[in-house]
Amino acid sequence: MRIGYPCINRSIGCSPSRTFRLASYSDERLRDTVAANLACLDRILAYNASRGLLFLRITSDLVPFATHPVCTFAWMEHFAETFARLGEFCRDNGFRISMHPDQFVLLNTPDPDILSRSIAELEYQTAVLDMMGLDRAVKVQIHIGGVYGDKAASMERFVEAYRRLSPAIKNRLVIENDERLYSVADCFALRERIGIPVIFDAFHHAILNHGEPVQEIFPRLLASWKRPDGIPMVDYSSQEPGKRTGAHAETMDRQDFQAFLSGTRSWDFDLMLEIKDKERSAEQAIALARGDPRLITRPEEKRRS
DNA sequence: GGCAGTCAAGTACGC
DNA sequence: GCGTACTTGACTGCC
C-alpha cells in the first residue's frame, strides 16, 4: 500500500495547475505556464519522496488547453526531456501515478462531438504518462458518465465507445464508482463486458450502494486488476460535517480512517486520500498506518511480486 | 494588495 | 426551455 493525495501540495508554495484565460492564449504564455507547472511537479515529487508519499495523482491542468484547438505550441516536443526526467524520478523512487480527467470527459455521451473531445482528452493524459515512460500500472481513472434517461443504453454506449479506443488508452483506463449515478456494482457489470479494471471509491460507495459489504467488493476488485495493471487503486475520503452529503472532508477523520484501514486489512491496494488539506492528511495517514504490513514508503520496500 | 466575479469543456434537476 | 448546482483552484478586472 502506497499512500498519496491528488494533484496539488498546499505547503510548498507552488501550483502544478497554473492556467490562464483562453482569451489571453499565446504560445509564449503556454510555454511559460507549462514550464512552471512541470517545475512545480518536480518539487512535489521530491517532497513526496522525502516523506514516503509514493502515490500521486497528476493534475489534468498540467498543460492548459492541451486538447483545445487554440493550442498550437508543440509542447510535447518542447518538453519531451523534462517529462522523461520526471518519469525517471518516479520510477527510481517507486512511485505509483494516476490521472483523473474531470467531468467533461464522457465516453457514454450520445453527442459525437463531446465523445471526440473526450477521447482527445484521454489521448492527452495518456500521452503525458507515456512521455514519462511509466508502465501500465499507471492509470487514468474516469467515471462511467451520465444516465441520459436510460441507464442500460448509456452503459451500452460506454461499452461501444471503449471498444473503439486505441490500445494506448485501453492499457491505462480504469472506471470508478460515483456517488450519484453509477455504483461499484455498475462498474463490475461493465468489467464483465469489457474487462476494464475497477477503482473503488470508498466514500462514494458509502453514499451510493446496494448494501454490499466490503468483504464482497474487494475480492472482485482485486480480480479486476491483472498483473500488468498493478495492485488496485482505492480512493478514500470522509464526509465534511455540516456540508451536503458527498462533500469531501477538510481534514482527516482519524477514527474513520483507522476503521477503514482495519476493515480492509485483508487486501492490498494503493490509497489516494481525497481530503482537502492534501499532503497534511496524507502525512497523518502515513503515521496512522505505521505498523500496517501493507504500507510502503520507500522504493526498497517494494514487494518482490 | 485585496476582493469578487468568472473561467474550455457536461449533466441533472427543479421550476 | 432555462437557470442553477455540482466542485474548485486560479485568473482577471476593479477598487
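We name chains A, B, ... by the order of the sequence lines, and we start the count at 1 in each one. Given the structure is predicted, the values throughout are model-derived calculations rather than measurements.
With a 6.0 Å cutoff to the six-membered ring centre and a 45° limit on the axis angle, R85(A) does not count as a cation-pi contact of F89(A).
Every residue was checked against the salt bridge (charged side-chain N to carboxylate O under 4.0 Å, His left out) condition with D178(A), not counting sequence neighbours, and none meets it. Remark: R191(A) engages no residue in a salt bridge (charged side-chain N to carboxylate O under 4.0 Å, His left out) (not counting sequence neighbours).
V147(A) comes within 4.0 angstrom of the backbone, heavy atoms only, and of no base. Y148(A) comes within contact range of the sugar-phosphate backbone alone, with a heavy-atom separation under 4.0 Å but no base atom that close.
The side-chain hydrogen bond (donor to acceptor under 3.5 Å, both in side chains) pairs that include a residue from residues 144-153 of chain A are K151(A)-D186(A), where partners are two or more places apart or lie in different chains. Legend: disulfide bond (SG atoms under 2.5 Å apart) pairs involving residues 31-75 of chain A, not counting sequence neighbours, sorted by first then second residue: C14(A)-C40(A).
The separation of dC2(C) from dA8(B), taken at their P atoms, amounts to 22 Å, rounded to a whole angstrom. Across dT6(B) and dT4(C), the matching C1' atoms stand 15 Å from one another, rounded to whole Å. Across dA9(B) and dT12(C), the matching P atoms stand 16 Å from one another, rounded to whole Å.
Near DNA chain B, meaning a heavy atom under 4.0 Å away, the residues from residues 111-126 of chain A are I114(A), R117(A), E121(A). Less than 4.0 Å separates DNA chain B from no heavy atom of any residue of residues 31-40 of chain A.
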Ignoring hydrogens and angles, write down the donor-acceptor pairs under 3.5 Å from the side chains of residues 160-167 of chain A, residues two or more places apart or on other chains.
from	atom 1	to	atom 2	distance (Å)
S166(A)	OG	I169(A)	N	3.4

Residues 52-69 of chain A side chain polar contacts: donor-acceptor under 3.5 Å, at least two apart:
from	atom 1	to	atom 2	distance (Å)
R57(A)	NH1	E274(A)	OE2	3.2
R57(A)	NH2	D235(A)	OD2	3.3
R57(A)	NH2	E274(A)	OE2	2.9
T59(A)	OG1	S17(A)	OG	3.2
T59(A)	OG1	D61(A)	N	3.0
S60(A)	OG	H100(A)	O	3.3
S60(A)	OG	Q125(A)	NE2	3.1
T67(A)	OG1	E121(A)	OE1	3.1
H68(A)	ND1	V70(A)	N	2.9

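Residues L30(A) and M76(A) fall within the same hydrophobic cluster, defined by Ile, Leu, Val, Met, Phe, Trp and Tyr side chains chained together at heavy-atom separations under 4.5 Å.
Other members of a hydrophobic cluster containing F104(A) are absent, since no ILVMFWY side chain comes under 4.5 Å of it, directly or through relayed contacts.
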One character per nucleotide, please: for nucleotides 8-15 of chain C, 5' to 3', B when the base has a protein heavy atom closer than 4.0 Å, S when only the sugar-phosphate does, - otherwise. SSBBS---
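Using a 4.0 Å cutoff to heavy atoms of chain A, the contacted part of DNA chain B runs 5' to 3' from dG5(B) to dA12(B).
With D270(A) as the partner, the salt bridge (Lys or Arg N to Asp or Glu O under 4.0 Å) test is satisfied by one option alone out of R294(A), R96(A), K139(A): R96(A).
Using a distance-only test at 3.5 Å, with no hydrogens or angles considered, a donor-acceptor pair links the side chain of W225(A) to the main chain of V198(A).
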Taking only Watson-Crick and G-U wobble pairs with both distances under 3.5 Å, what dot-bracket line describes DNA chain C, where [ ] shows pairs that cross earlier ones and | shows pairs with another strand? ||||||..|||||||
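With a 4.5 Å cut-off on side-chain heavy atoms, I175(A) and Q141(A) do not count as touching.
Between H248(A) and H204(A), the ring planes are tilted. Angles from 30° to 60° get that label.
A centroid separation of less than 6.0 Å is found between the aromatic rings of F218(A) and F200(A).
Remark: the Y236(A) side chain and the D256(A) side chain contain an N/O donor-acceptor pair separated by less than 3.5 Å.
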